[in-house]
Amino acid sequence: MQIKAPRGTYDILPEQSAKWQWMEKILKQTAYEFGYREIRTPIFEHTELFERGVGETSDIVSKEMYTFKDKAERSITLRPEGTASCARAFIEHGFYSGLLPVKWYYSGPMFRYDRPQTGRFRQFHQFGVEAFGSDNPFLDAEVIILLMEIVKLLGVKEPELHINSVGCPVCRPMYRQLLIEYLEPIKTALCSDCQLRYAVNPLRVIDCKNHSCQAAIKEHPLLSDSLCPDCTLHYQKVKSALSANGIDFIHDDNLVRGLDYYTNTAFEVHIPGLGAQSAVGGGGRYNGLVKECGGPDVPGVGFALGMERMLLAADLYQDQQEPANPVDVFIITMESRFIDQAMQLTTQIRRAGISADMDYNDRSPRAQMKFADKIKARLVIMIGEEEIEKGYYLVRDMQTSNQYQVDRETLTENLPGILLKNEED
RNA sequence: GUGGGUGUAGCUCAGUUGGCUAGAGCACCAGAUUGUGGCUCUGGGGGCCGUGGGUUCAAGUCCCAUCAUCCACCCCA
(Lines give C-alpha, C1' and ligand atoms only; values in the text may rest on other atoms or scores of the structure.)
Protein backbone atom coordinates (compact mmCIF):
# COMPACT_ATOMS: atom_id res chain seq x y z
CA MET A 1 0.00 0.00 0.00
CA GLN A 2 1.08 3.49 -0.78
CA ILE A 3 2.39 5.44 2.18
CA LYS A 4 0.36 8.51 2.90
CA ALA A 5 0.72 11.32 5.42
CA PRO A 6 -0.55 10.12 8.81
CA ARG A 7 -4.12 10.87 9.76
CA GLY A 8 -4.68 14.50 10.66
CA THR A 9 -1.42 15.65 9.07
CA TYR A 10 -0.90 17.21 5.66
CA ASP A 11 1.71 18.74 3.39
CA ILE A 12 1.98 22.45 2.84
CA LEU A 13 2.95 22.51 -0.84
CA PRO A 14 4.89 25.38 -2.44
CA GLU A 15 1.67 26.84 -3.80
CA GLN A 16 0.33 27.15 -0.26
CA SER A 17 3.56 27.99 1.50
CA ALA A 18 3.61 31.45 -0.08
CA LYS A 19 0.42 32.17 1.84
CA TRP A 20 1.93 30.82 5.05
CA GLN A 21 4.95 33.05 4.64
CA TRP A 22 2.69 36.03 4.09
CA MET A 23 0.81 35.25 7.30
CA GLU A 24 3.91 34.45 9.35
CA LYS A 25 5.48 37.74 8.35
CA ILE A 26 2.45 39.70 9.60
CA LEU A 27 2.31 37.67 12.80
CA LYS A 28 5.96 38.10 13.70
CA GLN A 29 6.22 41.69 12.63
CA THR A 30 3.14 42.78 14.57
CA ALA A 31 4.23 40.98 17.71
CA TYR A 32 7.65 42.56 17.31
CA GLU A 33 6.09 46.02 17.07
CA PHE A 34 4.30 45.31 20.35
CA GLY A 35 7.63 44.51 21.99
CA TYR A 36 7.48 40.72 21.88
CA ARG A 37 10.56 38.71 20.96
CA GLU A 38 10.77 35.21 19.59
CA ILE A 39 11.38 32.17 21.75
CA ARG A 40 11.90 28.69 20.27
CA THR A 41 11.32 25.84 22.66
CA PRO A 42 11.57 22.08 22.01
CA ILE A 43 8.77 20.34 20.20
CA PHE A 44 8.75 17.60 22.83
CA GLU A 45 8.96 17.97 26.59
CA HIS A 46 8.71 15.77 29.67
CA THR A 47 5.12 14.59 29.95
CA GLU A 48 4.94 15.93 33.47
CA LEU A 49 5.27 19.51 32.25
CA PHE A 50 1.96 19.33 30.41
CA GLU A 51 0.27 17.38 33.18
CA ARG A 52 1.10 20.21 35.53
CA GLY A 53 1.00 23.13 33.09
CA VAL A 54 -2.15 22.27 31.20
CA GLY A 55 -3.95 20.34 33.92
CA GLU A 56 -4.58 16.63 34.31
CA THR A 57 -8.35 16.98 34.22
CA SER A 58 -8.29 18.81 30.88
CA ASP A 59 -9.26 16.95 27.72
CA ILE A 60 -5.89 17.80 26.24
CA VAL A 61 -3.97 15.91 28.90
CA SER A 62 -6.47 13.17 29.64
CA LYS A 63 -6.98 11.97 26.08
CA GLU A 64 -5.28 14.02 23.38
CA MET A 65 -1.53 13.85 23.97
CA TYR A 66 1.06 12.11 21.83
CA THR A 67 3.00 10.49 24.64
CA PHE A 68 5.71 7.85 24.30
CA LYS A 69 8.66 6.40 26.15
CA ASP A 70 12.10 7.22 24.80
CA LYS A 71 14.96 4.72 24.79
CA ALA A 72 15.85 5.54 28.39
CA GLU A 73 12.23 5.00 29.48
CA ARG A 74 11.53 8.70 29.99
CA SER A 75 7.94 9.70 29.32
CA ILE A 76 8.01 12.24 26.51
CA THR A 77 5.12 14.18 24.98
CA LEU A 78 4.85 16.06 21.70
CA ARG A 79 3.74 19.52 22.77
CA PRO A 80 -0.03 20.03 22.58
CA GLU A 81 0.27 23.79 23.16
CA GLY A 82 2.94 26.41 23.74
CA THR A 83 2.32 28.10 27.06
CA ALA A 84 3.65 25.36 29.34
CA SER A 85 6.99 25.28 27.52
CA CYS A 86 7.31 29.04 27.83
CA ALA A 87 6.62 28.87 31.56
CA ARG A 88 9.23 26.11 31.87
CA ALA A 89 11.83 28.14 29.97
CA PHE A 90 10.97 31.23 32.00
CA ILE A 91 11.68 29.33 35.21
CA GLU A 92 14.63 27.29 33.94
CA HIS A 93 16.57 30.36 32.83
CA GLY A 94 15.70 32.44 35.89
CA PHE A 95 13.96 35.23 34.03
CA TYR A 96 11.87 35.89 37.16
CA SER A 97 14.88 37.52 38.80
CA GLY A 98 15.58 39.74 35.81
CA LEU A 99 13.85 42.60 34.05
CA LEU A 100 10.08 42.15 34.05
CA PRO A 101 7.83 41.73 32.26
CA VAL A 102 9.33 39.41 29.67
CA LYS A 103 7.32 39.34 26.46
CA TRP A 104 7.72 36.39 24.10
CA TYR A 105 6.12 35.09 20.95
CA TYR A 106 6.37 31.63 19.48
CA SER A 107 5.23 29.90 16.33
CA GLY A 108 5.23 26.29 15.30
CA PRO A 109 3.61 22.87 15.16
CA MET A 110 1.52 21.45 17.99
CA PHE A 111 0.17 17.92 18.33
CA ARG A 112 -3.15 16.64 19.62
CA TYR A 113 -4.69 13.24 19.11
CA ASP A 114 -8.11 14.52 18.03
CA ARG A 115 -10.50 13.42 15.35
CA PRO A 116 -9.77 15.59 12.29
CA GLN A 117 -12.42 18.01 11.13
CA THR A 118 -12.67 21.34 9.34
CA GLY A 119 -10.00 23.50 10.93
CA ARG A 120 -8.80 20.72 13.21
CA PHE A 121 -5.72 18.59 12.70
CA ARG A 122 -3.45 16.31 14.67
CA GLN A 123 -0.41 18.31 13.73
CA PHE A 124 -1.45 21.93 13.52
CA HIS A 125 0.28 25.25 13.95
CA GLN A 126 -0.09 27.89 16.57
CA PHE A 127 1.25 31.36 16.95
CA GLY A 128 1.14 32.70 20.47
CA VAL A 129 2.45 35.32 22.84
CA GLU A 130 3.15 35.19 26.57
CA ALA A 131 3.92 38.03 28.95
CA PHE A 132 5.26 37.05 32.36
CA GLY A 133 5.80 39.25 35.38
CA SER A 134 3.01 41.81 35.52
CA ASP A 135 -0.49 41.70 36.89
CA ASN A 136 -1.46 45.00 35.27
CA PRO A 137 -4.85 44.88 33.49
CA PHE A 138 -3.43 47.11 30.77
CA LEU A 139 -1.16 44.20 29.84
CA ASP A 140 -4.21 41.97 29.42
CA ALA A 141 -5.55 44.68 27.14
CA GLU A 142 -2.29 44.87 25.20
CA VAL A 143 -2.35 41.15 24.49
CA ILE A 144 -5.94 41.37 23.25
CA ILE A 145 -5.23 44.46 21.15
CA LEU A 146 -2.30 42.62 19.57
CA LEU A 147 -4.50 39.65 18.69
CA MET A 148 -7.18 41.87 17.19
CA GLU A 149 -4.59 43.87 15.28
CA ILE A 150 -3.27 40.66 13.72
CA VAL A 151 -6.75 39.52 12.79
CA LYS A 152 -7.38 42.85 11.12
CA LEU A 153 -4.07 42.86 9.23
CA LEU A 154 -4.86 39.41 7.88
CA GLY A 155 -7.94 40.88 6.26
CA VAL A 156 -10.63 39.33 8.45
CA LYS A 157 -13.56 41.71 8.51
CA GLU A 158 -15.95 40.78 11.32
CA PRO A 159 -14.17 39.03 14.18
CA GLU A 160 -16.15 38.53 17.37
CA LEU A 161 -14.19 39.08 20.55
CA HIS A 162 -15.71 37.38 23.58
CA ILE A 163 -14.34 38.18 27.01
CA ASN A 164 -15.06 37.24 30.58
CA SER A 165 -13.40 37.15 33.95
CA VAL A 166 -13.00 33.83 35.70
CA GLY A 167 -12.04 35.35 39.04
CA CYS A 168 -9.17 34.36 41.28
CA PRO A 169 -8.41 31.82 44.02
CA VAL A 170 -10.31 34.07 46.44
CA CYS A 171 -13.62 34.48 44.65
CA ARG A 172 -13.86 31.52 42.30
CA PRO A 173 -14.24 28.83 44.99
CA MET A 174 -17.12 30.85 46.40
CA TYR A 175 -18.78 30.95 43.02
CA ARG A 176 -18.08 27.29 42.51
CA GLN A 177 -19.91 26.50 45.70
CA LEU A 178 -22.83 28.67 44.63
CA LEU A 179 -22.98 26.87 41.30
CA ILE A 180 -22.85 23.43 42.87
CA GLU A 181 -25.76 24.36 45.10
CA TYR A 182 -27.67 25.59 42.05
CA LEU A 183 -26.92 22.51 39.94
CA GLU A 184 -27.48 19.88 42.61
CA PRO A 185 -31.30 19.70 42.34
CA ILE A 186 -31.31 19.78 38.52
CA LYS A 187 -28.32 17.62 37.75
CA THR A 188 -30.41 14.72 36.44
CA ALA A 189 -31.58 17.01 33.62
CA LEU A 190 -28.02 17.45 32.38
CA CYS A 191 -26.31 15.45 29.65
CA SER A 192 -24.02 12.61 30.69
CA ASP A 193 -20.92 14.71 30.00
CA CYS A 194 -22.22 17.47 32.21
CA GLN A 195 -23.01 15.08 35.02
CA LEU A 196 -19.35 14.16 34.92
CA ARG A 197 -18.35 17.82 34.74
CA TYR A 198 -20.58 18.52 37.71
CA ALA A 199 -18.43 16.20 39.76
CA VAL A 200 -14.99 17.12 38.36
CA ASN A 201 -15.20 20.71 37.17
CA PRO A 202 -18.65 22.28 37.55
CA LEU A 203 -17.65 25.55 35.85
CA ARG A 204 -17.40 23.70 32.56
CA VAL A 205 -21.10 22.83 32.70
CA ILE A 206 -21.77 26.47 31.90
CA ASP A 207 -20.30 26.42 28.42
CA CYS A 208 -21.81 23.10 27.38
CA LYS A 209 -23.22 23.53 23.86
CA ASN A 210 -25.97 20.98 24.47
CA HIS A 211 -29.31 22.77 24.08
CA SER A 212 -31.09 20.83 26.81
CA CYS A 213 -28.29 21.67 29.23
CA GLN A 214 -28.42 25.32 28.29
CA ALA A 215 -32.17 25.28 28.87
CA ALA A 216 -31.80 23.52 32.21
CA ILE A 217 -29.25 26.00 33.56
CA LYS A 218 -30.80 29.13 32.09
CA GLU A 219 -31.08 30.85 35.47
CA HIS A 220 -27.62 29.85 36.71
CA PRO A 221 -25.76 32.27 38.97
CA LEU A 222 -23.31 34.41 37.01
CA LEU A 223 -19.60 34.41 37.68
CA SER A 224 -19.53 38.15 37.09
CA ASP A 225 -21.87 38.65 40.06
CA SER A 226 -19.54 36.74 42.37
CA LEU A 227 -16.23 38.41 41.59
CA CYS A 228 -14.34 39.88 44.49
CA PRO A 229 -13.68 43.67 44.44
CA ASP A 230 -10.12 43.20 43.12
CA CYS A 231 -11.23 41.00 40.24
CA THR A 232 -14.16 43.28 39.41
CA LEU A 233 -11.84 46.24 39.24
CA HIS A 234 -9.30 44.34 37.15
CA TYR A 235 -11.97 43.26 34.67
CA GLN A 236 -13.37 46.77 34.42
CA LYS A 237 -9.94 48.20 33.70
CA VAL A 238 -9.39 45.65 30.93
CA LYS A 239 -12.72 46.49 29.34
CA SER A 240 -12.26 50.23 29.54
CA ALA A 241 -8.74 49.95 28.11
CA LEU A 242 -10.14 47.95 25.19
CA SER A 243 -12.84 50.51 24.55
CA ALA A 244 -10.35 53.36 24.79
CA ASN A 245 -8.30 51.66 22.08
CA GLY A 246 -11.20 51.06 19.75
CA ILE A 247 -11.67 47.35 20.34
CA ASP A 248 -15.26 46.05 20.33
CA PHE A 249 -16.03 43.08 22.55
CA ILE A 250 -18.89 40.97 23.82
CA HIS A 251 -19.05 40.13 27.49
CA ASP A 252 -19.71 36.39 27.59
CA ASP A 253 -20.71 34.88 30.93
CA ASN A 254 -20.39 31.40 29.49
CA LEU A 255 -16.72 31.71 28.58
CA VAL A 256 -14.81 29.85 31.29
CA ARG A 257 -11.40 28.40 31.98
CA GLY A 258 -11.90 25.90 34.72
CA LEU A 259 -8.36 25.25 35.88
CA ASP A 260 -7.14 26.76 39.11
CA TYR A 261 -4.27 28.75 37.72
CA TYR A 262 -6.38 30.60 35.17
CA THR A 263 -7.36 33.91 36.67
CA ASN A 264 -9.22 37.04 35.72
CA THR A 265 -9.36 37.67 32.00
CA ALA A 266 -10.40 34.97 29.51
CA PHE A 267 -11.08 35.70 25.85
CA GLU A 268 -11.72 34.06 22.50
CA VAL A 269 -11.96 35.37 18.96
CA HIS A 270 -14.55 33.74 16.72
CA ILE A 271 -14.97 34.11 12.99
CA PRO A 272 -18.57 33.53 11.90
CA GLY A 273 -18.70 31.18 8.95
CA LEU A 274 -15.62 29.14 9.75
CA GLY A 275 -17.60 25.99 10.50
CA ALA A 276 -17.90 24.30 13.84
CA GLN A 277 -14.34 25.20 14.83
CA SER A 278 -14.93 28.92 14.76
CA ALA A 279 -12.50 29.90 17.53
CA VAL A 280 -9.47 31.23 15.74
CA GLY A 281 -7.64 32.42 18.82
CA GLY A 282 -8.01 32.51 22.55
CA GLY A 283 -6.19 33.14 25.76
CA GLY A 284 -6.24 34.82 29.08
CA ARG A 285 -4.45 35.45 32.31
CA TYR A 286 -2.85 32.56 34.20
CA ASN A 287 -1.42 33.94 37.39
CA GLY A 288 -1.00 30.52 38.97
CA LEU A 289 0.77 28.78 36.11
CA VAL A 290 4.41 29.57 36.79
CA LYS A 291 4.04 28.47 40.38
CA GLU A 292 2.25 25.31 39.32
CA CYS A 293 5.20 24.50 37.06
CA GLY A 294 7.62 24.78 39.96
CA GLY A 295 8.62 28.44 39.78
CA PRO A 296 7.94 31.45 41.97
CA ASP A 297 4.53 33.09 42.11
CA VAL A 298 4.77 35.16 38.94
CA PRO A 299 1.71 36.27 36.96
CA GLY A 300 1.29 35.82 33.22
CA VAL A 301 -1.04 36.53 30.35
CA GLY A 302 -1.10 35.43 26.72
CA PHE A 303 -2.97 34.06 23.75
CA ALA A 304 -2.61 31.41 21.07
CA LEU A 305 -4.05 31.51 17.60
CA GLY A 306 -4.61 28.59 15.27
CA MET A 307 -2.76 29.29 12.04
CA GLU A 308 -4.75 26.86 9.89
CA ARG A 309 -7.98 28.45 11.07
CA MET A 310 -6.56 31.90 10.58
CA LEU A 311 -5.78 31.06 6.94
CA LEU A 312 -9.27 29.64 6.49
CA ALA A 313 -10.66 32.87 7.87
CA ALA A 314 -8.42 34.98 5.63
CA ASP A 315 -9.65 32.95 2.66
CA LEU A 316 -13.21 33.94 3.49
CA TYR A 317 -12.26 37.54 2.77
CA GLN A 318 -10.25 37.00 -0.32
CA ASP A 319 -9.33 40.53 -1.21
CA GLN A 320 -5.76 39.58 -0.37
CA GLN A 321 -3.65 39.38 -3.47
CA GLU A 322 -2.44 35.92 -4.21
CA PRO A 323 1.29 36.08 -3.63
CA ALA A 324 2.79 34.96 -6.91
CA ASN A 325 6.32 33.64 -6.90
CA PRO A 326 7.58 33.66 -10.45
CA VAL A 327 11.17 33.25 -11.49
CA ASP A 328 12.80 36.40 -12.86
CA VAL A 329 14.90 34.91 -15.62
CA PHE A 330 14.86 31.61 -17.52
CA ILE A 331 17.84 30.66 -19.66
CA ILE A 332 17.23 28.74 -22.86
CA THR A 333 19.72 26.96 -25.11
CA MET A 334 19.00 26.69 -28.81
CA GLU A 335 21.11 23.58 -28.95
CA SER A 336 21.79 21.34 -25.99
CA ARG A 337 25.57 21.62 -26.47
CA PHE A 338 25.38 25.13 -24.99
CA ILE A 339 24.21 23.89 -21.59
CA ASP A 340 27.64 24.65 -20.15
CA GLN A 341 27.35 28.34 -21.04
CA ALA A 342 23.75 28.31 -19.85
CA MET A 343 24.74 27.10 -16.42
CA GLN A 344 27.54 29.63 -16.09
CA LEU A 345 25.18 32.43 -17.04
CA THR A 346 22.53 31.15 -14.62
CA THR A 347 25.06 31.05 -11.80
CA GLN A 348 26.26 34.54 -12.64
CA ILE A 349 22.72 35.96 -12.60
CA ARG A 350 21.88 34.20 -9.34
CA ARG A 351 25.01 35.63 -7.75
CA ALA A 352 23.68 39.07 -8.69
CA GLY A 353 20.66 38.35 -6.52
CA ILE A 354 18.20 37.69 -9.34
CA SER A 355 16.24 34.45 -9.37
CA ALA A 356 17.14 32.39 -12.40
CA ASP A 357 16.54 28.89 -13.70
CA MET A 358 17.29 26.78 -16.76
CA ASP A 359 16.32 23.57 -18.50
CA TYR A 360 17.62 20.27 -17.19
CA ASN A 361 15.48 17.95 -19.30
CA ASP A 362 17.14 18.36 -22.69
CA ARG A 363 14.04 19.92 -24.20
CA SER A 364 13.69 21.52 -27.59
CA PRO A 365 13.94 25.34 -27.68
CA ARG A 366 10.21 25.45 -28.20
CA ALA A 367 9.53 23.23 -25.21
CA GLN A 368 11.89 25.33 -23.13
CA MET A 369 9.88 28.41 -24.08
CA LYS A 370 6.68 26.66 -23.06
CA PHE A 371 8.26 25.73 -19.78
CA ALA A 372 9.42 29.30 -19.17
CA ASP A 373 5.90 30.50 -19.89
CA LYS A 374 4.34 28.05 -17.46
CA ILE A 375 6.59 28.97 -14.57
CA LYS A 376 5.77 32.62 -15.35
CA ALA A 377 9.35 33.64 -16.05
CA ARG A 378 9.51 37.37 -16.66
CA LEU A 379 12.50 37.28 -18.96
CA VAL A 380 13.99 34.59 -21.15
CA ILE A 381 17.61 34.67 -22.23
CA MET A 382 18.51 32.68 -25.33
CA ILE A 383 21.88 31.18 -26.09
CA GLY A 384 22.58 29.87 -29.58
CA GLU A 385 25.36 29.61 -32.07
CA GLU A 386 24.98 33.15 -33.35
CA GLU A 387 24.98 34.58 -29.83
CA ILE A 388 28.12 32.70 -28.85
CA GLU A 389 29.93 33.86 -31.96
CA LYS A 390 28.90 37.48 -31.81
CA GLY A 391 29.20 37.96 -28.08
CA TYR A 392 25.64 38.89 -27.13
CA TYR A 393 22.62 37.17 -25.66
CA LEU A 394 19.02 37.54 -26.76
CA VAL A 395 16.76 38.77 -23.94
CA ARG A 396 13.03 38.31 -24.45
CA ASP A 397 10.42 40.06 -22.36
CA MET A 398 7.69 37.45 -21.92
CA GLN A 399 4.96 39.99 -21.34
CA THR A 400 5.56 42.27 -24.31
CA SER A 401 7.38 39.75 -26.53
CA ASN A 402 10.04 42.40 -27.18
CA GLN A 403 13.56 41.06 -27.70
CA TYR A 404 16.87 42.80 -27.15
CA GLN A 405 20.41 41.90 -28.01
CA VAL A 406 22.42 42.55 -24.89
CA ASP A 407 26.18 42.47 -24.79
CA ARG A 408 27.44 39.43 -22.92
CA GLU A 409 29.82 41.44 -20.74
CA THR A 410 27.22 43.91 -19.47
CA LEU A 411 24.22 41.57 -19.36
CA THR A 412 24.17 40.92 -15.62
CA GLU A 413 24.48 44.57 -14.67
CA ASN A 414 21.73 45.52 -17.14
CA LEU A 415 19.26 42.89 -15.94
CA PRO A 416 17.89 44.82 -12.94
CA GLY A 417 17.03 47.72 -15.25
CA ILE A 418 15.31 45.45 -17.74
CA LEU A 419 13.35 43.75 -14.97
CA LEU A 420 12.30 47.11 -13.59
CA LYS A 421 11.04 48.13 -17.02
CA ASN A 422 9.17 44.84 -17.19
CA GLU A 423 7.48 45.64 -13.89
CA GLU A 424 6.28 48.99 -15.16
CA ASP A 425 4.55 47.47 -18.21
C1' G B 1 -14.40 8.11 21.60
C1' U B 2 -19.77 8.57 18.84
C1' G B 3 -22.82 9.42 14.33
C1' G B 4 -23.51 10.37 8.94
C1' G B 5 -21.48 11.14 3.76
C1' U B 6 -17.56 9.79 0.25
C1' G B 7 -13.35 6.55 -1.86
C1' U B 8 -12.53 5.22 -10.10
C1' A B 9 -5.85 8.51 -13.85
C1' G B 10 -1.61 13.74 -10.80
C1' C B 11 -6.59 16.88 -10.15
C1' U B 12 -12.22 17.33 -10.87
C1' C B 13 -15.55 13.71 -11.97
C1' A B 14 -18.83 10.11 -15.42
C1' G B 15 -19.53 4.83 -15.55
C1' U B 16 -27.20 2.45 -16.85
C1' U B 17 -31.37 -3.25 -13.72
C1' G B 18 -24.11 -6.52 -12.17
C1' G B 19 -22.31 -7.83 -18.71
C1' C B 20 -17.19 -6.94 -23.88
C1' U B 21 -10.39 -4.27 -23.68
C1' A B 22 -12.86 1.20 -17.54
C1' G B 23 -14.00 6.81 -19.88
C1' A B 24 -14.08 12.50 -20.21
C1' G B 25 -12.14 17.35 -19.03
C1' C B 26 -7.88 19.59 -17.01
C1' A B 27 -2.65 18.62 -16.16
C1' C B 28 1.88 16.14 -18.20
C1' C B 29 4.98 14.54 -22.75
C1' A B 30 5.76 14.73 -28.11
C1' G B 31 4.53 16.59 -32.94
C1' A B 32 2.12 20.10 -36.50
C1' U B 33 6.03 25.00 -36.07
C1' U B 34 14.20 22.10 -38.15
C1' G B 35 16.16 29.20 -33.42
C1' U B 36 10.96 31.37 -29.96
C1' G B 37 5.69 30.81 -25.06
C1' G B 38 0.21 31.91 -24.72
C1' C B 39 -4.50 30.03 -29.25
C1' U B 40 -5.68 25.72 -32.16
C1' C B 41 -5.20 20.69 -33.95
C1' U B 42 -3.06 15.51 -33.81
C1' G B 43 -0.91 11.69 -31.11
C1' G B 44 1.12 9.54 -26.45
C1' G B 45 2.13 8.00 -21.39
C1' G B 46 -0.31 7.16 -17.26
C1' G B 47 -5.58 2.95 -13.29
C1' C B 48 -4.39 -3.44 -7.89
C1' C B 49 -11.64 1.10 -9.57
C1' G B 50 -8.70 2.54 -1.28
C1' U B 51 -7.55 -2.57 0.87
C1' G B 52 -9.14 -7.63 2.28
C1' G B 53 -12.86 -11.17 2.12
C1' G B 54 -17.83 -12.84 0.29
C1' U B 55 -22.20 -13.53 -3.33
C1' U B 56 -22.27 -14.63 -8.77
C1' C B 57 -21.20 -17.84 -14.99
C1' A B 58 -19.64 -12.60 -14.47
C1' A B 59 -18.33 -7.20 -9.51
C1' G B 60 -15.97 -0.41 -10.55
C1' U B 61 -21.35 -1.68 -9.70
C1' C B 62 -24.28 -6.06 -4.62
C1' C B 63 -22.88 -7.74 0.82
C1' C B 64 -19.36 -7.71 5.11
C1' A B 65 -14.97 -5.99 7.28
C1' U B 66 -11.03 -2.65 7.35
C1' C B 67 -8.39 1.81 6.22
C1' A B 68 -8.51 6.75 4.57
C1' U B 69 -11.10 11.23 3.88
C1' C B 70 -15.03 14.91 4.63
C1' C B 71 -18.95 16.84 7.86
C1' A B 72 -21.00 16.96 12.71
C1' C B 73 -20.90 15.65 18.17
C1' C B 74 -17.12 16.22 21.87
C1' C B 75 -13.20 19.51 22.75
C1' C B 76 -10.23 23.15 21.57
C1' A B 77 -6.56 26.90 18.25
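Labels below follow one simple rule: chain letters A, B, ... track the order of the sequence lines, proteins then strands, and each chain is numbered from 1.
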Distance check: side-chain N/O of [X] vs OP1/OP2 of [N], anything under 4.0 Å?
{"X": "A:Arg366", "N": "B:G37", "answer": "yes"}
{"X": "A:Thr118", "N": "B:A72", "answer": "yes"}
{"X": "A:Arg363", "N": "B:C29", "answer": "yes"}
{"X": "A:Gln368", "N": "B:G37", "answer": "no"}
{"X": "A:Lys4", "N": "B:U69", "answer": "no"}
{"X": "A:Arg115", "N": "B:C73", "answer": "no"}

- Message: Taking any heavy-atom pair under 4.0 Å as a contact, classify A:Glu81: base, sugar-phosphate, or nothing.
- Response: nothing

- Task: Using a heavy-atom cut-off of under 4.0 Å over every strand shown, decide if A:Ile332 touches base, sugar-phosphate, or nothing.
- Result: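 Answer is nothing: A:Ile332 stays at 4.0 Å or more from every strand.
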
Without decimals, in angstroms, what is the distance between [X] [atom1] and [N] [atom2]?
{"X": "A:Phe121", "N": "B:C70", "atom1": "CZ", "atom2": "C1'", "answer": "11 Å"}
{"X": "A:Gln405", "N": "B:U36", "atom1": "CD", "atom2": "P", "answer": "16 Å"}
{"X": "A:Leu312", "N": "B:C71", "atom1": "CG", "atom2": "P", "answer": "9 Å"}
{"X": "A:Gln117", "N": "B:C76", "atom1": "CD", "atom2": "P", "answer": "14 Å"}

- Query: Hey, does the side chain of A:Asp252 reach the backbone of A:Asn164 with a donor-acceptor pair shorter than 3.5 angstrom?
  - Reply: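 Not confirmed, A:Asp252 side chain does not pair with A:Asn164 backbone.
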
- Examine A:Arg408 relative to A:Tyr393 and say whether NZ or CZ is less than 6.0 Å from the centre of the six-membered ring and inside a 45° cone about the ring axis. yes

- Query: Atom CD of A:Gln368 and atom OG1 of A:Thr333: how far apart are they, to the nearest 0.5 Å?
  - Reply: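 One gets 4.0 Å once the value is rounded to the nearest 0.5 Å.
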
- Looking only at heavy atoms, the pair that brings A:Ala131 and A:Tyr286 closest together is N-OH, 4.3 Å

- Under a 3.5 Å cutoff on both atom distances, Watson-Crick or G-U, what's the dot-bracket for RNA chain B ([ ] crossing, | other strand)? (((((((..((((.....[...)))).(((((.......))))).....(((((..]....))))))))))))....

